[in-house]
Amino acid sequence: MPPPKPHFFKKPPPTVHHLRPLTTTRPPPPPPHFSHLADKCKTIHQLTQLHAQMITTSRIHDNFAASRLLSSSTFSGNLNYASKLFQTIQKPNSFMYNTLIRAHACSFNPKKSLGLLMDMLMCFVMPGKHTFTFVLKACASLRVVWNCMQVHTHVVKFGLGFDLHVVNGLVRAYSVSGCLVDARKVFDECSVRSLSIWTSMICGYAQNGDSCEAIWLFDEMVGGGVEASGVTLASVLSACANSGCVDLGEEIRLYMEEKGIELNVILGTALVHMYARHGAIAEAKTCFDGMREKNVATWNAMICGLAIHGHAKEALGFFENLKDEQVKPNEITLVGVLSACCHAGLYDYGYKIFYSMRKIYGVEPTIEHYGCMVDLLGRSGRVKEAEKLIRSMEMKADVVIWGALLSACTRHGDYEIAERAAKEILKLDPQNHGVFVVLSNMYAEADRWKDVLKLRKVMKMGNLFKTPGWSYIENAT
DNA sequence: CTAGGGTTAG
């Protein structure tokens, strides 16, 4: 009798694939192409079933069918599954790379798109115009100029610098990365421009705070006979709001009526913002009431506009209505609400909001919220508490926040804290001459001329002659 | 053989 074999010589049990048929009545006839089925797969469960069938029938080696499966799996939102599927494909073509690059570009980790482009180049798969459109989208989410430049060199190398989608991607990626000079260079070198390219460039200026340039460019576009769309106008209206060109905004509103451009949430919000920001409260309200659909941004435009124009009570009224409408307030809403409290001196209301931000609204306080709170504490005379709050912040205090404390101290004559705040400001910004003006004003008002002279000496040591602050002090003494 | 762009609030 032979000795029993050790267990590891035993044959492993055969793996059984339990495949449920797609239909319960009868197995489906072999489809003409799996690709048609792939488009219909909506859930991950359906996808895995089809995937399994494709493996058993060897159709997985058909790149066309496999790419349909891949794009369906990216649409179902399961990037992990898509990536794993991609890795099993021996020779992925450019379409497959593009599909995965696009999926990653819209995900939380757009950096993977760049890695895939590198893979592609190393495997000698030719990237095309679609590849760069998607990769540039990833660059726009990453906002790193260096990445944009690297991709740009490849765009030029592959002769794709004239494709309208690619050019648009470049303009957009450069401008959201804050490099408007490069965006403009690409824009200028492009002889045929689509509306999207114009829009990307205008939006780039508007979002980087160069409203005038945005408006000039819009003017140039209209002068060249290009018809603006609602998307373009939203950016231009934002530029109007930031630069005070309410007349142009008014003109745009009439143009939209004339052309029958639908006033959607975004355009409506941009209009409300423009009116409210410049104190045209009645117009802002009319526009706000006329909107069918509203989102947080719409409410924020209204609340913040009211707050900065001193209509604090109304701003808070809108805030209460917002909560009734089941809209979730965000960090911007709360900045508006807190600043309304500052203007109206509503200490208790603001205090309650600030200390319940995290719990009730799920919003982490930012430096702006702290700024409002310091202002609120300071205005109600609680300068000691304000200083304590600043020192307890998890982030580094900035000039604005110390400035708020300083001005509160001068109002309430707290010299000790004022001097500390001034010192902190000068630590952050040694050229800040305004600090001396504020301090000397404070001393002068209290007839403390000795201290004014002391300041004068300090300024001399700091070599700050011939400054606006200096002349101010001279007049005071 | 298949796919792609631009917009609002501090």
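Each chain gets a letter, A, B and so on, in the order its sequence line appears, and its residues count up from 1.
Which of B/dG6, B/dT2, B/dT7 sits closest to the side chain of A/F64 comes down to B/dT2. The nucleotide whose nearest atom lies closest to any side-chain atom of A/K129 is, among B/dT8, B/dG5, B/dG4, B/dG4. In the set B/dA9, B/dA3, B/dT7, B/dT7 carries the atom at the smallest distance from any side-chain atom of A/R172. Here the nucleotide nearest the side chain of A/A297, chosen from B/dA9, B/dG10, B/dG4, is B/dA9.
When rounded to the nearest whole Å, the span between CD of A/E262 and C1' of B/dT7 equals 13 Å. Between the CZ atom of A/R193 and the P atom of B/dG6 there is a distance of 19 Å, rounded to whole Å. One atom, OH of A/Y174, and another, P of B/dG5, lie 21 Å apart when rounded to the nearest Å. In this structure, A/L136 places its CG atom 20 Å from P of B/dA3, rounding to the nearest Å. The nearest whole Å value for the distance from the CE atom in A/M201 to the C1' atom in B/dT7 is 16 Å. Taking atom CZ on A/F132 and atom C1' on B/dG4, their separation rounds to 14 Å, with Å as the unit. Straight-line distance from the CZ atom of A/F319 to the P atom of B/dA9: 20 Å, rounded to whole Å. Between A/F75 atom CZ and B/dG4 atom C1' the separation is 11 Å, expressed in whole Å.
Distances shown here put every side-chain N or O of A/R102 at or beyond 4.0 Å from the OP1 or OP2 atom of B/dA3. In this model, the phosphate group of B/dG10 is approached by a side-chain N or O of A/H273 to a distance below 4.0 Å at OP1 or OP2. Dashed line: the shortest gap from a side-chain N or O of A/K137 to OP1 or OP2 of B/dG4 is not under 4.0 Å.
Taking the charged nitrogens against the carboxylate oxygens, A/R391 and A/E424 do have a contact shorter than 4.0 Å, which makes a salt bridge. Under the 4.0 Å criterion applied to side-chain N and carboxylate O atoms, A/E257 and A/R253 are assigned as salt-bridge partners. Taking the charged nitrogens against the carboxylate oxygens, A/R379 and A/D375 do have a contact shorter than 4.0 Å, which makes a salt bridge.
One cannot find a donor-acceptor pair under 3.5 Å joining the base of B/dG4 and the side-chain atoms of A/N98. Scanning atom types as modelled, one donor and one acceptor separated by under 3.5 angstrom connect the side chain of A/S194 and the base of B/dG5. Remark: the A/S200 side chain and the B/dG6 base include no donor-acceptor N/O pair separated by less than 3.5 Å. The base of B/dA9 is not paired with the side chain of A/N295 by any donor and acceptor separated by under 3.5 Å. The base of B/dG10 does not come close enough to the side chain of A/T333 for any donor and acceptor atom to sit less than 3.5 Å apart.
Using a 4.0 Å heavy-atom cutoff across all strands shown, A/T366 reaches no nucleic acid atom at all. Using a 4.0 Å heavy-atom criterion, one finds that A/L195 contacts the bases of the nucleic acid, with or without backbone contacts as well. The residue A/E293 sits apart from the nucleic acid: no heavy atom pair falls under 4.0 Å. Across all strands shown, A/L233 has no heavy atoms under 4.0 Å from either base or sugar-phosphate atoms. Using a 4.0 Å heavy-atom cutoff across all strands shown, A/S71 reaches no nucleic acid atom at all. No engagement by A/N264 is indicated, since no non-hydrogen atom pair under 4.0 Å with the nucleic acid exists. Nucleic acid contact for A/H165: base, since at least one base atom lies under 4.0 Å from a heavy atom of the residue. Residue contacts for A/S238: at a heavy-atom cut-off of 4.0 Å it reaches the sugar-phosphate backbone alone, with no base atom in range.
The environment of NZ in A/K294 is crowded: more than 12 heavy-atom neighbours from other residues, nucleotides or ligands sit within 6.0 Å.
Sequence neighbours left out, not one pair with a member in residues 100-124 of chain A passes side chain to side chain donor-acceptor pair (under 3.5 Å).
Cation-pi contact between A/K328 and A/Y361: absent, since separation from the ring centre below 6.0 Å together with deviation from the ring axis within 45° is not met. The cationic atom of A/R382 (NZ for Lys, CZ for Arg) lies less than 6.0 Å from the six-membered ring centre of A/Y347 and within 45° of the ring axis.
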